[in-house]
Amino acid sequence: MDEKYYPEKIEEKWQARWRESGAFEADEGDPREKFYCLEMLPYPSGFLHMGHVRNYSIGDALAWYKRLRGFNVLHPIGWDSFGQPAEQAAIKRGIMPREWTEKNIAHMRGQLQRLGTSYDWRREIAAHRPDYYKWDQWFFLKMYERGLAYKRKSPVNWCPKEQTVLSNEQSSGGVCWRCGTPVIKKELEQWFVRITDYAEALLEDMKEIEAGWPEKVLKRQRDWIGRSRGAYVDFQIEGTDERVRVFTTRIDTIYGANAIVLAAEHPLLAELMKASPLKGDVEQFTQRVRVERNRATEPGAEEEKEGINTGLVAVNPFSGERVPVWVANYVLMEYGTGAVMAVPAHDERDFDFAQKYTLPIKQVIAPVTHAEEPGGFEPQPGMDQSTEMKWATTAYGVLVNSGEWSGKLSDVAIREMTEFAAAKGFGEAKTIYRIRDWGISRQRFWGAPIPIIYCEKCGTVAVPEKDLPVQLPEHAEFTGTGESPLAGVAEFVNVSCPKCDGAARRETDTMDTFVDSSWYFFRYCDPRNNDAPFDKEIAAHWTPVDQYIGGDSHAVMHLIYTRFWSKMMRDLGLVKFNEPIKRLLTQGMVTNRVEGTDEWKAMSKSLGNGVDPDEMIEAYGADAARLFVLFAAPPENELRWQETGIEGAVRFLQRVYKMVWRWRERLSATRDDEQSVGEFTSEARALRRKTHQTIARITDDFEQLHFNTSVAALMELSNALGDFEVKPQDATASDVYAVRETLEALVVMLAPFAPHASEEMWESLGHAGGLLNEGEARWPVANAELARKEALEIPVQINGKLRARITATPETSEEELRAAALADEKVRAWTEGHEVVKVVVVPQRLVNIVVK
RNA sequence: GCGAAAGUGGCGAAAUGGUAUACGCGCGAGUCUUAGGAGCUCGUCCCGAAAGGGGUGGGGGUUCGAGUCCCCCCUUUCGCACCA
C-alpha cells in the first residue's frame, strides 16, 4: 500500500490478481447456496456508454454483496451480437459484419474489465457465433415440429428507413422502435411464433412474479397482452345464408345496436356485395381506406371516422330488429372478428359515427338508482327512446328498452344473454387477446438463418437437426435494398432437398434478434454444450435467475419473449418452472444536459451529451466512477450526470484510504480477541455502536437494492471513525479492537462499490489472499446488543409541536417517560394553566402531551 | 382523450404514521501553504435581536401526531391510443 491513493495502480494490480486466481469463476459443484445475478447483455455497438456503466455497476455490487455473504454467485456476461448496425457498417464502410462485431466485442470486453466487473469470463457467449445460433435454429425446429412456428402471408410492419420488418412490439405507437420512422404496412410471407397460445399463461403466471417485478412492467405486459372477455354474436344477413360474427364485451347493449359495421378488409364483404348495385361504391371506399391505412400513420392522430352503407341488412338475433350493414375505417380487421355491432348510446366511437351519419341512437342502459335495494333497480325518469343523448354512457347500469331483459343489471345480463345466445346457437362466450403472434422473419443477413428449405416437390422442409447449424456465409453483398443479402449468395441459397435430394433453395430470412436474447441466460449455465442448448440438470441448478437488472425499455419486448420462451421450454421438458426470472430491477436512464439547452436527455452521440466511461476511469478511477453512479440516485431513478459528484466519490475513497494508512501498522501488529482487550471507553463503545448500526442498516439496504443509502451509511461510518479522537500511537488494546472492527467492516462493505480499493485496504489490514479467498462469508454481522443505544434523546411534543427533549435509555418505561416529560422545566412552562387531556408515550420514540 | 407514477433545500436526494432535510454536491467563512481548482475545521430551509413562528406543489379531511393515509385541484414524467 502506498501512502497516497493511486487508483490506476491499485486497479491494475487487483484486476490481474482476480484474473489469475479465477476469483469470480462459479461452479455448479460448489456446495454453497447459489445466486444467479444477471444483467441484460449488451449490444456490441463499439463502446460502453454510461447506461452500461450504471447497469453493470448495479449488478456487480449485488454480485459482490452476495459473494461476501457466502453465496455461490453466477455472474456471467455475453454479447447480443446479431443485429442491424453490423449491416449498416457493412453497407457504409465495407467491413463484413463479423469482423466489425468481433472488433467491437474485443474493445468493449476490455472496457468492462477496466471497470473491474466481476464476471465469470469462461462463460462468455456471443449470439453471432455458430455454436450459439445453432441452438436458436434448434429451438425453431422444435417449435416448427409442434406447430408453434408457422408461415403465413401477412401484412407486416415495415420500416421504410431501415428497409425491414418490425414486430408489433418494435413498432409500438406506429413508429420504428429504433429510429422513430413511421411504420407502414406491407404484405410478405413471414414466419411466426405462436406466442398467442401462451397469452393466458403469460397473464396468469404473473402471480408468481408479482412480488419481485416492478408493478409498472407487469402492467405494461398486462396491457400488451390485452385480455378482453366478451362474446361472439352472429347476425344473419337478410336474403342470404351468411352470418356476420361480431365480438362484443357488452352483449347487454345489443338492443341498442343500430348497425353492423365491418372492417374494409372483411372477408365476407366481396361475396355479400357481389350482386349489389352499390358494389362499385363500396369497393371504391374500401380501396381508399386501405390506401390510407398503408400510409404512414402519424402517432397520436386519430383519423376522422368514415363509412359507407352497403345497403345490406342484418338481423339482430335478440330483438329481431333489422339494422343496416356499414363498412367503416374505424373497425380493425386485426382485432376481434373484423366486425362490430354499433351501439352509439353506449360506445364513444359508435356515438361519433352515428352523429356523423345521423344514425338513430337508442338508449338501452340506464344508471342504477337504488343499487342497495334488492330488486329495486329502476331506470331514472325520462329515459325513453326519444331522449336525445349528448354523449355515450359506457358505464354498467340497468337494462332498459331491451325486451324481456329489461330491468336486469349489466353484469347479470352479460352472463345470461351470453348463455342464451350459446343455447340458441347464434353466439358463444369468448375471450380474445390483443397480443399478436410474434413475427420473427427479418430480411437481414446478420442474424440466425431460419433452418428451412423450400423444395419444388416436397414443399417446405425443415433442415434436419444433424445439419445444424445452418451457417452464415462469410461474404455477401450489402446493398440496403430490403431483401436479405443472403438471397444473393448462391452457395447459401442453392441446396439439395433433405427429403428427395432434388434441387431446392434455402429460406433467406434470418430470425429477429430477440430470439437470441430470449434464452441466453440458460446458455450461460452450460455455455460449451455441443449436444443441447444446455444440460437440464446444470440449468436446474442455476435457474431461475434470482435477480435481473436492465432498462425498462424492454418491458414488453424482451421481457415478454423471454417469459414465453421459458414456458415453451417447459413444454419441451427442458425446464421445470413457469417463470425464469424471480426479481427484476429496472434501472433509470443516465441523462446529461444537452449543451445550450435546459433539457436532460439520455446520453447519445448525436446529441453530443455523451460521457465516455474510459475518460471517467482515467480521471477518477473505476472505483470512484462505480461508487458515484450508485450513490447519486436510487437505481430506478433517472440519473442526471454531474461531473462534480464523482469528485466527491474520490474524496470519500481517499479519506477511507488515509484512515487505513494511518492505522495499518497498529492494526496488523497483533490481533487480540474481544475478551482480552479490557474495558472499552465510552468513545470506543460509541464507535462500535455506530459500526453495528451501520452493518444492520447496509445489510438491509442491500437486500432491498437501496445502494444510494448504503453509500450514505458508509460515509457516516467513516465520518464517525474520523471523529474518533484517539491517535494510533496512544490507542489502548480495546481502542485498537474497536478501530479494527470498524475499519474492517467499512472496507468489506465498501467492496461492492469500490472492489479494487477495498481489496488493497483489506490486504493492508493484514489479510492475505483477497476478500473472496476460500469463499469465506466475510460480510460483517451486526450485533444487536452492541448496536443498542445507551442514551436516547426523546422529543417531547405539546399538541404535536416539539417543545423539549428529555434523555432516557431504551429501558425507560412508559410511566417513567411520562413522568419525566411532565416534570421537564420547559414542558411545565407550556402546560401551566392548561389542562392535560392526554399523554401519548411511544417508548424509545417520543412523548406527546395534549393540553386544552 | 384514457391510465399510472411522482412533486421535499440552490442541486442529487434521506425519512417502519413519531425530532423534516441524513449522506453528498455546490456555496460561505476560517486554517495550513511560496502557491492551490489540494487537505483540514466550522457554517449553510425561511422570518426573527431573542423568545418564538413558518415550512415537504395548492386546498380540505382522518389522527394525540401527516412528507407519509383519504378526497379535490394544479404541475411534471411515463405508458396506451379507434382493441369493440
Syn/anti label of B/rG9 as read from its glycosidic torsion, with the cut at 90° from 0: syn
Indicate yes or no: at least one non-hydrogen side-chain atom of A/Trp661 is less than 4.5 angstrom from one of A/Tyr5. no
It should be established whether [X] places a side-chain nitrogen or oxygen under 4.0 Å from OP1 or OP2 of nucleotide [N].
X: A/Asn708; N: B/rA22; result: no
X: A/Arg697; N: B/rU16; result: no
X: A/Asn329; N: B/rC82; result: no
X: A/Lys838; N: B/rC64; result: yes
X: A/Lys801; N: B/rG54; result: yes
X: A/Arg436; N: B/rC83; result: no
X: A/Ser228; N: B/rA84; result: yes
X: A/Arg229; N: B/rA84; result: no

Under 4.0 angstrom, heavy atoms only, what part of the nucleic acid is [X] near: base, sugar-phosphate, or nothing?
X: A/Gly226; result: nothing
X: A/Asn637; result: sugar-phosphate
X: A/Asn848; result: base
X: A/Arg655; result: sugar-phosphate
X: A/Val850; result: sugar-phosphate
X: A/Arg803; result: sugar-phosphate
X: A/Asn799; result: nothing
X: A/Trp830; result: sugar-phosphate
X: A/Lys216; result: nothing

Separation of [X] atom [atom1] from [N] atom [atom2], in whole Å?
X: A/Glu643; N: B/rG24; atom1: CD; atom2: C1'; answer: 16 Å
X: A/Glu215; N: B/rA6; atom1: CD; atom2: C1'; answer: 16 Å
X: A/Asp701; N: B/rU16; atom1: CG; atom2: P; answer: 11 Å
X: A/Ile646; N: B/rG26; atom1: CD1; atom2: P; answer: 13 Å
X: A/Arg845; N: B/rG17; atom1: CZ; atom2: P; answer: 11 Å
X: A/Glu716; N: B/rU21; atom1: CD; atom2: P; answer: 13 Å
X: A/Trp641; N: B/rG12; atom1: CH2; atom2: P; answer: 16 Å
X: A/Gln654; N: B/rA38; atom1: CD; atom2: C1'; answer: 9 Å

Minimum-distance nucleotide to [X] side chain [options: [options]]:
X: A/Thr709; options: B/rA14, B/rU16, B/rG24; answer: B/rA14
X: A/Pro634; options: B/rA13, B/rA84, B/rC80; answer: B/rA13
X: A/Glu647; options: B/rA13, B/rG26, B/rC82; answer: B/rG26
X: A/Leu846; options: B/rC80, B/rA84, B/rG18; answer: B/rG18
X: A/Thr644; options: B/rG26, B/rA84, B/rG12; answer: B/rG26
X: A/Arg349; options: B/rC82, B/rG18, B/rA81; answer: B/rC82
X: A/Gln642; options: B/rG3, B/rA14, B/rG12; answer: B/rG12
X: A/Gln797; options: B/rG26, B/rG18, B/rC82; answer: B/rG18

Rounded to the nearest 0.5 angstrom, the CD1-CG distance for A/Ile361 and A/Asp350 is 10.0 Å
[atom1]-based separation of [M] from [N] [nearest Å]:
N: B/rU75; M: B/rU63; atom1: C1'; answer: 29 Å
N: B/rU76; M: B/rU8; atom1: P; answer: 14 Å
N: B/rG26; M: B/rG17; atom1: P; answer: 34 Å
N: B/rA66; M: B/rA20; atom1: P; answer: 11 Å
N: B/rC25; M: B/rU44; atom1: C1'; answer: 13 Å
N: B/rC47; M: B/rA5; atom1: C1'; answer: 35 Å
N: B/rC45; M: B/rG9; atom1: C1'; answer: 5 Å
N: B/rA4; M: B/rG58; atom1: P; answer: 23 Å

Both atom distances under 3.5 Å, Watson-Crick or G-U wobble: I'd like the secondary structure of RNA chain B as a dot-bracket string, with | for pairs made across strands. (((((((..(((.....[....)))((((((.......))))))(((....)))..(((((..]....))))))))))))....
Using atom types as modelled and distance alone, determine if a side-chain donor or acceptor of A/Glu835 lies under 3.5 Å from a backbone N or O of A/Val837. no
Output all residues satisfying ring pair (Phe, Tyr, Trp, His ring centres under 6.0 Å) with A/Trp438, sequence neighbours left out; order by chain, then residue number. A/Tyr561
Between A/Leu802 and A/Val840, whichever has its closest RNA chain B nucleotide further toward 5' is A/Leu802
Using heavy atoms to find the nearest nucleotide of RNA chain B for A/Thr249 and A/Glu793 separately, return the residue whose nucleotide is more 5′. A/Glu793
Are there more than 12 heavy atoms of other residues, nucleotides or ligands under 6.0 Å from atom CD of A/Glu832? no
Step-by-step side chain to side chain contact (heavy atoms under 4.5 Å, CB included) determination, A/Ser402 to A/Phe318: CA-CA 9 Å; A/Ser402 297; A/Phe318 275 88; over 6 Å; no
Pi-cation contact, A/Tyr330 with A/Lys305 (under 6.0 Å, within 45°): yes
Identify the residue among A/Phe631, A/Phe702, A/Phe652 that makes a ring pair (Phe, Tyr, Trp, His ring centres under 6.0 Å) with A/Phe753. A/Phe702
Can you list everything that forms a side-chain hydrogen bond (donor to acceptor under 3.5 Å, both in side chains) with A/Arg222? Sequence neighbours excluded, please. A/Glu215
So A/Phe628 and A/Trp641, ring pair (Phe, Tyr, Trp, His ring centres under 6.0 Å) or not? Walk me through it. CA-CA 10 Å; A/Phe628 168 65; A/Trp641 188 258; 5.3 Å; yes
Answer with yes or no whether the side chains of A/Ser813 and A/Glu816 bring together a donor and an acceptor at under 3.5 Å. yes
